Amino acid sequence: MFSDLVWHAVQVTEPVTTGPAGWITLPDVSEKLDLPISKVHQLIRERALLAVRRDGIRVVPAELVANATVLKHLPGVLNLLHDAGYNDEEALRWLYEPDEGLGGNAATALGGPLAREAKRRAQALGF
């Protein structure tokens, strides 16, 4: 009976799964940004864009490539996360971790007025 009380006392407000709403393959990123595929690979190497493997294919979260450009603050945030010791999967997890103070998560914030706050939070990880 006690476990029933605890179960009903807890309200679930977080989504069960978090992460990108969609993925874009590198050739599609190349087309969307109107860049050669070699330049897309360079953006990933330089941490100006984040790509991870899903089912053996490198993909980019769709939200990170908005209106035919990479989100303005994304390269800075990715470099800050890397300097703090985060690998690409950990950076992806950090970007999509639920955070109501950032309007949902850091990835969402990077496309709006809370971008500088997301960048400040990434910077704080290095200390």
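Quantities reported herein were computed from a predicted structural model and do not represent experimental measurements.
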> Going from CG on L49 to CD on Q42, what distance comes out if it is rounded to the nearest 0.5 angstrom?
Replying inline: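 It is 12.0 Å, given to the nearest 0.5 Å.
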
**OP:** Please determine if E97 and R93 form a salt bridge, counting it only when a charged side-chain N lies under 4.0 Å from a carboxylate O.
**Re:**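 Not counted as a salt bridge, because no side-chain N and carboxylate O are separated by less than 4.0 Å.
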
Fill in: Trace of the side chain to side chain contact (heavy atoms under 4.5 Å, CB included) decision for L102 with T108
CA-CA 8 Å; L102 292 175; T108 303; over 6 Å; no

Give me the atom names and distance for the closest heavy-atom approach of [X] to [Y].
{"X": "L92", "Y": "R54", "value": "CD2-NH2, 3.2 Å"}
{"X": "L81", "Y": "A91", "value": "CD1-CB, 3.8 Å"}
{"X": "Y96", "Y": "E63", "value": "OH-OE1, 2.9 Å"}
{"X": "L110", "Y": "A118", "value": "CD2-CB, 4.1 Å"}
{"X": "V52", "Y": "E89", "value": "CB-OE2, 3.4 Å"}
{"X": "G101", "Y": "L114", "value": "O-CD1, 3.8 Å"}

Worksheet entry | Same cluster (ILVMFWY, side-chain, under 4.5 Å), L50 and L80 |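 No, separate clusters.
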
Do L43 and V59 sit in one hydrophobic cluster, given that two such residues count as connected whenever their side-chain heavy atoms are within less than 4.5 Å of each other, even indirectly?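 Both belong to a single hydrophobic cluster.
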
How far apart are the C-alpha atoms of Y86 and L125, what are their side-chain angles, what is the distance that settles it, and do they pass the side chain to side chain contact (heavy atoms under 4.5 Å, CB included) test?
CA-CA 10 Å; Y86 285 57; L125 296 172; 3.6 Å; yes

So, the side chain of K32 versus the backbone of V65: is there a donor-acceptor pair under 3.5 Å, distance only?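 Judged by distance alone, yes, a pair lies under 3.5 Å.
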
query = Partners of R116 by salt bridge (charged side-chain N to carboxylate O under 4.0 Å, His left out), sequence neighbours excluded?
reply =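 Partners of R116 by the salt bridge (charged side-chain N to carboxylate O under 4.0 Å, His left out) criterion come out as none, since no residue qualifies.
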
Chi angles and distances behind the side chain to side chain contact (heavy atoms under 4.5 Å, CB included) call for V60, V40:
CA-CA 11 Å; V60 173; V40 173; 5.8 Å; no

Side chain to side chain donor-acceptor pair (under 3.5 Å) contacts touching residues 71-84 (sequence neighbours left out)
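Residue pairs passing side chain to side chain donor-acceptor pair (under 3.5 Å), neighbours aside: R47-H82.
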
Counterpart residues, side chain to side chain contact (heavy atoms under 4.5 Å, CB included), relative to A62 (two or more places apart)
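Testing A62 for side chain to side chain contact (heavy atoms under 4.5 Å, CB included), a comparison that skips the adjacent residues, returns I24.
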
Please walk me through it: do L78 and L95 pass side chain to side chain contact (heavy atoms under 4.5 Å, CB included)? CA-CA 9 Å; L78 292 176; L95 284 168; 4.2 Å; yes

